[in-house]
Protein chains: 2
Amino acid sequence: MTVSPDRKPVVVTDLDEAFAAVRATGLRLTAARRLVLEALLAARAPISAEDIADGLGGRMTQSDIASVYRNLETLGELGLVRHFHAGHGPGRYVLEGFGDREYLACESCGLLESVEPAALETVRDAVRDLSGFEASFSHFPIVGLCARCAKKRARAAR
Amino acid sequence: MTVSPDRKPVVVTDLDEAFAAVRATGLRLTAARRLVLEALLAARAPISAEDIADGLGGRMTQSDIASVYRNLETLGELGLVRHFHAGHGPGRYVLEGFGDREYLACESCGLLESVEPAALETVRDAVRDLSGFEASFSHFPIVGLCARCAKKRARAAR
DNA sequence: TTTTTTGCAAAACCTTTGCAGTTGG
DNA sequence: CCAACTGCAAAGGTTTTGCAAAAAA
């Protein structure tokens, strides 16, 4: 079993910064790489590799899914991109530039509720109190029902 | 996005009880079905569909992986079996008979730490306090580092 | 006998890999 | 120029599905 090496997030908030960050590492700024960055920046939310390869449903240029995965991995190693698994389905990728966020995944409506990492500190504390287990929600977020769906569920069960 | 219907756990603690529970539903008690139940009972811990198909590494009779999946699903609907996804890798299946447990998955050593569901109530409370989100850990358990691995990690970082 | 279930093979889904050809610097 | 990168195609791991044959009740 492996654990991803600690990568310091590299915050970029526009394309130029992203491109500069890539160039600064000596990596090449190819068309495929640019497309990935553009899609992530346009999405402003966690999306799948397929979303990117599709060009966000046709709104952008399409690209090869294998290159997308390779670039997501590379950009992840650079600290520009983070990815996580929210329940079933494909992994989600998001630009670190949108701020340090963690997510709560609603398994009913698909909502990815974004919360500040600090807010989850009390949650991590509660887990740690159990047995010293250090919970990490950044790669496998908490899954459940958002407030809306939980209410709906409660109403349905009445 | 779908959510599994609420299934009341059906607790069985030996083969005869399991077989009886299956018969009671009108479902047929086939050899393949029995093998799944036997493997789950012998394992006494969450295992993968492949573990079952392999006959627990040769200790038991092998069976067809497709039938294993179909039976796990059927037995899940009956409330005899629960399954969840602990980080990467195949899903894990466990007999409800081993008591109502939740798990904490260590992504370093692979340990599945079993805890009482009630113990996670404080954790769920902490999440609920954030935004009303109802966390559920039974299908997507908390992932992180067990106390042992966390300590090792801290030592290595010194 | 009838309906359920099986075993096999094929496909679906997400992701990774090999490789020959292309391209950025 | 040439190492880095791409696109394509194939494969890997996990799970589902179609279907004719087998078996439970």
Side-chain angles (χ1 to χ4, degrees), chain A residues 1-2 4 18-39 46-55 61-78 80-93 139-140, chain B residues 1-2 4 18-39 46-55 61-78 80-93 105 110 139-140:
Chain A
M1 206 144 256
T2 49
S4 46
F19 291 176
V22 172
R23 281 209 195 82
T25 66
L27 291 181
R28 292 178 184 180
L29 194 52
T30 63
R33 204 103 88 194
R34 241 170 299 168
L35 247 15
V36 169
L37 257 359
E38 281 169 25
I47 55 181
S48 70
E50 207 190 359
D51 291 336
I52 299 173
D54 283 356
T61 311
Q62 302 193 182
S63 34
D64 182 77
I65 187 83
S67 297
V68 170
Y69 274 112
R70 274 186 291 230
N71 279 318
L72 286 170
E73 158 132 68
T74 302
L75 297 171
E77 281 160 7
L78 297 189
L80 286 167
V81 170
R82 193 157 71 78
H83 83 127
F84 59 89
H85 304 273
H88 292 116
R92 314 296 209 96
Y93 298 80
H139 195 45
F140 290 102
Chain B
M1 205 147 255
T2 48
S4 43
F19 291 177
V22 171
R23 279 209 196 82
T25 66
L27 291 180
R28 290 178 184 180
L29 193 53
T30 64
R33 204 102 89 193
R34 241 171 295 163
L35 247 15
V36 169
L37 257 1
E38 280 170 24
I47 54 181
S48 70
E50 207 191 359
D51 291 337
I52 299 173
D54 283 357
T61 311
Q62 303 192 183
S63 34
D64 182 77
I65 188 82
S67 297
V68 170
Y69 274 110
R70 274 187 290 229
N71 280 318
L72 285 170
E73 157 133 69
T74 301
L75 297 172
E77 280 159 7
L78 297 189
L80 285 167
V81 170
R82 192 158 70 79
H83 82 132
F84 59 89
H85 303 274
H88 292 116
R92 316 295 210 95
Y93 299 81
H139 195 45
F140 291 102

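In what follows, chains carry the letters A, B, and so on, assigned in the order in which the sequence lines appear, proteins first and then strands, with residues in each chain numbered from 1.
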Closest nucleotide of DNA chain D for B:Gly91 versus for B:Gly26: which of these residues is on the 5' side?
->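 Checking each residue's closest nucleotide, the 5'-ward one belongs to B:Gly91.
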
Taking for each residue the nucleotide of DNA chain D with the nearest heavy atom, is it B:His85 or B:Arg34 whose nucleotide lies nearer the 5' end?
->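 The 5'-side residue here is B:His85.
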
What are the bounds, 5' to 3', of the part of DNA chain D that sits under 4.0 Å from heavy atoms of chain B?
->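 Listing 5' to 3', DNA chain D meets chain B from D:dT14 to D:dA25.
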
For the pair [X] (side chain) and [Y] (backbone), establish whether a donor and an acceptor sit closer than 3.5 Å, ignoring hydrogens and angles.
X: B:His139; Y: B:His83; result: yes
X: B:Arg23; Y: B:Leu29; result: no
X: A:Asp51; Y: A:Ser48; result: yes

Atom CD of B:Glu73 with >12 non-hydrogen neighbours under 6.0 angstrom =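 No, not enclosed.
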
Step through the shown structure and confirm whether more than 12 heavy atoms of other residues, nucleotides or ligands are within 6.0 Å of CD on B:Glu50.
->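 Open.
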
For [X] and [N], what is the distance between atoms [atom1] and [atom2] respectively, to the nearest whole Å?
X: A:Asn71; N: C:dG24; atom1: CG; atom2: P; result: 13 Å
X: A:Asp64; N: C:dC14; atom1: CG; atom2: P; result: 16 Å
X: B:Leu75; N: C:dT5; atom1: CG; atom2: P; result: 10 Å

For residues A:Leu37 and A:Arg34, determine if any side-chain heavy atom of one lies less than 4.5 Å from a side-chain heavy atom of the other.
->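 They are not in contact (no side-chain heavy atoms under 4.5 Å apart), so the answer is no.
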
Side-chain donor-acceptor contact under 3.5 Å, A:Asn71 with A:Thr74 =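 No, A:Thr74 and A:Asn71 have no side-chain donor paired with an acceptor closer than 3.5 Å.
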
Parallel under 30°, tilted from 30 to 60°, perpendicular over 60°: which one fits the rings of A:His85 and B:His88?
->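 It falls in the perpendicular class, over 60°.
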
When you compare the protein's N or O atoms with those of nucleotides 17-21 of chain C, which come within less than 3.5 Å of each other, and at what distance?
unit_1: C:dG18; atom_1: O6; unit_2: A:Arg70; atom_2: NH1; d: 3.0

